[in-house]
Each structure stands twice: as structure tokens, then as C-alpha cells.
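The figures here come from the full heavy-atom set of this structure, side chains too, leaving out hydrogens, waters and symmetry mates. Worth saying up front: this structure is predicted, and the values here are computed from it rather than measured.
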Amino acid sequence: MPKRINIKKSILLIKLLVEEREECQDICNNAKREFEESIMQAHHDYNVHDTALDPPHHSQSVKKTSKTEDGDGKSADSSEQQAEPDSKKSHPDWIKKLYRKIAIATHPDKMQKNTSDTIKAKLLEIYTKSKIALESYDYMTVVILASDIDIDIPEKDVAGSGIIDTKHKSLVSDISSLKQSVYWQWAHSTSEQKEKILKDFAKSRGWMSKENHRKKSRKGSGRHPGKSIAQMKKEPMLKKKE
């Protein structure tokens, strides 16, 4: 970021990055669901044992089949997640003043009676977001929300605080993590490429080995083929009661 900051342009850039991150997150979330469904279907089609996927561990499959949410061991927002706020830490005067202006303009008790329900809902959303942002020391979001409702921004204070550069780096890092994830790769793969990804996954789980293969001799509950007759024969017979 340049040393001489144009606040209005910087706010616009941050807003665009926020939108891009949200779009990338939506893409990865949708791909994640499709990827996991494809894994479960492949598990059924290969007809193999896999302790992470066999019932009753089905509900835990998401945790055990994929190591991360976005490919690097953290959720997309993790680089921006704040440490637990220190209750003794005070906010700068300029941000407290800016927040008060937002509260006066958006608090439900301050709204005029003839305000439409749509505008009331929008203002209430801004009030709630600004309150959460202040409590988590996310000052850049407070600044953006103030800008959204045409409240004057204290440009010198914002420029001197370094919050623009911090937010910018955080968003760029989040977007980069999402675009390097397996889910992003899956979302932008062709059918042939997805098939290869599933085959590579099957190899990594050892599904190609004879030891893991189970004969489709008896259907189990749900979609899974269940145990083979050969496997069942190896299990000890229950002793009959006298």
C-alpha cells in the first residue's frame, strides 16, 4: 500500500476485497459439499473398508477425509480472526466518536416512526455489525460502515492507525488461501480432472489394495454394501446359551 493514502479509494478497495473473499468462500463451500458427496459415492462404488467412512463413523467423515477447511489448516477467515479482546484495552477516541455517530444514525430507538421497514432492517444491520466490529477491535469495518451511511471519516486518524494496511494484507491472505485449497481446485476442474482427483484420493486411502476390498455379497444398511460373506465367516460364532 502507498504511504500517502487516499482514504476513499482505500475504503473502496477494501470493500472490493471483502466481496471477492465472500465470493471465493461461497465457491469453496459449494465445492466442499460436492467433493465430500463424491468421496462418499466413490467409497460405495469401490466397495472397500475404510474406518473413517464406514458406519457408524459417517457423521465424522468430513473431519477425517479432509485435513483442512481451505487447504492450509485454517478457515478462510482465520487470518482475520482476532485474539480474544482484552477487557482492559481501551479504544482510541477517534473510533469511539465514529462509532457513536453510527449508533446515533442507526440505533432502533433513534429511528423516526415513518422509516420504512426495509430501511429499518438495513440500519439495524449496520448498527449490529458496527457494534460487533468495535468489540472485536476491527476498526476498519467500523470505518467502512460509517462510510456506507455517509458519515464523515477522520482521514488523518484512519491513515495514522495502520488499519487499512492490516485489513488489506488480511484479506489478500484469505483469498490466496482459498484459491490454493483443494476445494477451489475441485470447483474449477473438468469432469475428467475430478475423476483423477478422486482416483488419487482413493490411492491415498489405500482403496486399491486387496485387503480393503469387500465383496458385494450382502447389502448393508443404507447405501453401503456391508460385510462380505468371507469376512463374516472369519468372525467368531456366538456361544449358544445353555
Under 6.0 Å from the NZ atom of Lys120, do we count more than 12 heavy atoms belonging to anything else shown? yes

Does Asp200 CG have over 12 foreign heavy atoms under 6.0 Å away? yes

Any chance you could lay out the salt bridge (charged side-chain N to carboxylate O under 4.0 Å, His left out) test for Asp138 and Lys167, step after step, and finish with the verdict? CA-CA 9 Å; Asp138 183 4; Lys167 189 78 170 181; 3.2 Å; yes

Would you indicate whether the side-chain heavy atoms of [Y] and [X] approach each other to under 4.5 Å?
{"X": "Tyr46", "Y": "Lys199", "value": "yes"}
{"X": "Lys131", "Y": "Ile102", "value": "no"}
{"X": "Leu98", "Y": "Pro154", "value": "yes"}
{"X": "Ser38", "Y": "Leu198", "value": "yes"}
{"X": "His91", "Y": "Leu134", "value": "yes"}
{"X": "Tyr183", "Y": "Asn30", "value": "no"}
{"X": "Tyr99", "Y": "Tyr139", "value": "no"}
{"X": "Leu124", "Y": "His107", "value": "no"}

Are Glu192 and Lys196 within salt-bridge range, i.e. N to O under 4.0 Å? no

Transitively linked via ILVMFWY side-chain contacts under 4.5 Å: Leu16 with Ile11? no

Assess the residue pair Glu20 and Lys179 against the criterion (salt bridge (charged side-chain N to carboxylate O under 4.0 Å, His left out)); give the C-alpha distance rounded to whole Å, side-chain angles, the decisive distance to 0.1 Å, and a yes or no. CA-CA 11 Å; Glu20 183 179 356; Lys179 290 185 176 182; 3.2 Å; yes

Glu34 and Lys194: salt bridge (charged side-chain N to carboxylate O under 4.0 Å, His left out), yes or no, with the steps? CA-CA 11 Å; Glu34 182 185 328; Lys194 288 180 179 179; 2.9 Å; yes

Hey, is the main chain of Asn6 close enough, under 3.5 Å, to the side chain of Ser10 for a donor-acceptor pair? yes

Determine yes or no for a side-chain-to-main-chain donor-acceptor pair under 3.5 angstrom, with Ser130 supplying the side chain and Ile126 the backbone. yes

Looking at Lys129, Lys122, Lys15, which one forms a salt bridge (Lys or Arg N to Asp or Glu O under 4.0 Å) with Asp148? Lys15

Students often mix this up, so state it plainly: with edges at 30° and 60°, are the rings of Trp207 and His43 parallel, tilted or perpendicular? tilted

Intermediate values then yes/no, salt bridge (charged side-chain N to carboxylate O under 4.0 Å, His left out), Asp93 and Lys97: CA-CA 6 Å; Asp93 289 339; Lys97 290 177 182 178; over 6 Å; no

